[in-house]
Amino acid sequence: MRRPWVMAIALGAMLAATAGCGSSDDSDTGSSANPSAEKFVIYSARDKAVTDYVVEQFTSKNPEYKGKVEVLNMGAQEVLERVRAEKANPQASVWWGGTQQGLATAATENLLEAWQPSFAGKMDARYKDAQGRWHGEILLPEVIMYNNKALSPEEAPKDWDDLVDPKWKDKIIIRDVAASGTMRSIYSSMIQRLSADGSNPQPGYDWLRKLDTNTVEYAANPADLYLKMSREQGVLSAWNLQDVLLQADKKMPFGYVMPASGAPVLVDGVAAVKGGNTAAAQKFLEFLFDDSLRATLAKDYFQIPAVEISEKPEWLANLGLKPMDVDWDVIGKNETAWINHWNAEIKDKG
């Protein structure tokens, strides 16, 4: 029979060994056991004020991410091109802010992670990918933007065709189209409304040539557009409603017109980039669809959420949105060819 003190020593040694193994595992594999706490990168076409606010809220609720979230703000088309170029070695984990066409393209190119988030069940099937590779975050009506110090609401154009009236020659500034998901969608909508199935884009090209004649400049980026519009280097543009309202809220001299024939309404969405930090991406995207956050973004940042929220702000409840009848499937099939043609044959040639 073993003596009690011998058994006690043996038991103590076993406990020490077990404790030692436990502490070693925690220190050696803590980061791999919780990959969501690792640094991750977001490519975003959202306004920097929005991304700064959301990331601050996210890291406040999830302090393990403090200093571990990097956001690179760029155009939606630039995000697609960058994610595509980095396919073999993904640098981003989250794509935050992309057109339905761009996200669908990325999905077919196997650039996005398929998953089923908790908010997917609350979302209209029109606003998400059937395989869960992307989900709509907000709806973006495309409207006519004007400098409201230079033009009164009565003087501003009332519909898209008013923009090609010769009286607006050299009065229009357009965000450079090829790099902008917003502008690609607006221009493609102008073509598709004149060719329902997309088989004859020529009437749309002719319309865009007239618009080019009236365009004094193509701004390199949104900040450049806002600056030149505020200085009245041009007094009209076509842009998304949310950004017009955001800039007006910052005391920029901008107003908007809801076009009489309707506004193209983009589904602007989000996705987890395949090969990125998937756990962190999914955690961030789940947070992004929190009801209270969505309500705040609607109230303070003029977002129209793609999911129902418990309380709509007054501006949204009274918006009076008139959507244009746009076939995004037709646009998705033709956008690249149409915009390439515009870039090569129409831009700066009117």
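Each residue takes its place number in the sequence, starting with 1.
Side-chain contact between Glu70 and Ile42 is absent, with no heavy atoms from C-beta onward closer than 4.5 Å. Two residues are said to be in side-chain contact when any heavy atoms from C-beta on lie closer than 4.5 Å; Phe289 and Lys122 fail this criterion. In this structure the side chain of Leu163 never reaches within 4.5 angstrom of the side chain of Asn214, judged on heavy atoms. Side-chain contact between Met183 and Ile186: present, with at least one pair of heavy atoms (C-beta onward) separated by less than 4.5 Å.
Summarising the local packing, CD of Glu81 is surrounded by more than 12 heavy atoms from other residues, nucleotides or ligands at distances under 6.0 Å. Around NZ of Lys312, the count of heavy atoms belonging to other residues, nucleotides or ligands within 6.0 Å does not exceed 12. The local environment of NZ in Lys169 is crowded, with over 12 non-hydrogen atoms from other residues, nucleotides or ligands closer than 6.0 Å. Around atom CD of Glu308, no more than 12 heavy atoms belonging to other residues, nucleotides or ligands sit under 6.0 Å away. Within 6.0 Å of CG in Asp325 there are 12 or fewer heavy atoms belonging to other residues, nucleotides or ligands. Other residues, nucleotides and ligands contribute at most 12 non-hydrogen atoms within 6.0 Å of the CD atom of Glu314. The 12-atom threshold is exceeded at NZ of Lys347, counting heavy atoms of other residues, nucleotides or ligands nearer than 6.0 Å. Counting non-hydrogen atoms of other residues, nucleotides and ligands closer than 6.0 Å to NZ of Lys349 gives a total above 12.
For Arg175 and Tyr218, the positive end is not near the middle of the six-membered ring at less than 6.0 Å and at most 45° from its axis.
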> What do the steps show when you test Leu245 against Tyr301 for side-chain contact (heavy atoms from CB on, under 4.5 Å), and what is the final call?
Replying inline: CA-CA 8 Å; Leu245 292 175; Tyr301 293 93; over 6 Å; no

>> Apply salt bridge (charged side-chain N to carboxylate O under 4.0 Å, His left out) to residues Asp162 and Lys158 and explain how you reach the verdict.
In response: CA-CA 7 Å; Asp162 295 339; Lys158 301 300 184 290; over 6 Å; no

>> Using the rule given for side-chain contact (heavy atoms from CB on, under 4.5 Å), can you reason through Leu266 versus Gln100, listing the C-alpha separation, both sets of side-chain angles and the distance that settles it, and then say yes or no?
In response: CA-CA 7 Å; Leu266 267 67; Gln100 178 176 346; over 6 Å; no

> Should Asp329 and Lys333 be marked as a salt bridge (charged side-chain N to carboxylate O under 4.0 Å, His left out) after you check the CA-CA gap, both sets of side-chain angles, and the distance that decides it?
Replying inline: CA-CA 6 Å; Asp329 289 335; Lys333 294 173 184 175; over 6 Å; no

> Passes salt bridge (charged side-chain N to carboxylate O under 4.0 Å, His left out), Arg126 versus Asp124? Steps please.
Replying inline: CA-CA 5 Å; Arg126 295 173 298 172; Asp124 190 300; 3.2 Å; yes

>> Working note: Tyr226 + Trp239, criterion side chain to side chain donor-acceptor pair (under 3.5 Å); need CA distance, chi angles, decisive distance, verdict.
In response: CA-CA 11 Å; Tyr226 306 147; Trp239 198 234; 3.0 Å; yes

>> Run the side chain to side chain donor-acceptor pair (under 3.5 Å) test on Gln247 and Asp243 for me, step by step, so that the C-alpha distance in whole Å, both residues' side-chain angles and the decisive distance to 0.1 Å come before the verdict.
In response: CA-CA 6 Å; Gln247 295 304 313; Asp243 284 347; over 6 Å; no

> Could you walk me through whether Thr182 and Glu142 pass the side chain to side chain donor-acceptor pair (under 3.5 Å) check?
Replying inline: CA-CA 8 Å; Thr182 293; Glu142 311 303 335; 4.7 Å; no

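Aromatic ring pairs are classed by plane angle as parallel below 30°, tilted from 30° to 60° and perpendicular above 60°; the pair Tyr205 and His341 is parallel. Ring orientation note: the planes of Phe119 and Trp115 are nearly perpendicular, at an angle over 60° on the 30°/60° scale.
Using modelled atom types, one finds no donor on one side chain facing an acceptor on the other under 3.5 Å when comparing Trp342 with Asp212. No donor-acceptor contact under 3.5 angstrom links the side chains of Ser195 and Asn200, judged on distance only. Under 3.5 Å, the side chains of Tyr43 and Glu86 contain a donor-acceptor pair of N or O atoms.
Ion pairing between Arg133 and Glu113 fails under the 4.0 Å rule for side-chain N and carboxylate O. A salt bridge links Glu137 with Arg46; the closest basic N to acidic carboxylate O contact falls under 4.0 Å. Salt-bridge check for Arg184 with Glu335: passed, with a basic side-chain N closer than 4.0 Å to an acidic carboxylate O.
Lys128 is linked by a side-chain hydrogen bond (donor to acceptor under 3.5 Å, both in side chains) to nothing, counting only residues two or more places apart in sequence or in another chain.
Formation of a donor-acceptor pair under 3.5 Å by the Asn147 side chain with backbone atoms of Met229 is found in this model. Side-chain N or O atoms of Glu78 include one that pairs as donor or acceptor with a backbone N or O of Gly75 at under 3.5 Å.
A continuous path of hydrophobic side-chain contacts links Ile138 to Met123 [ILVMFWY only; heavy atoms under 4.5 Å]. Hydrophobic clustering (ILVMFWY, side-chain heavy atoms < 4.5 Å, transitive): Trp160 and Tyr256 are in one cluster.
The shortest non-hydrogen separation linking Pro157 to Leu236 is CD-CD2, 3.4 Å.
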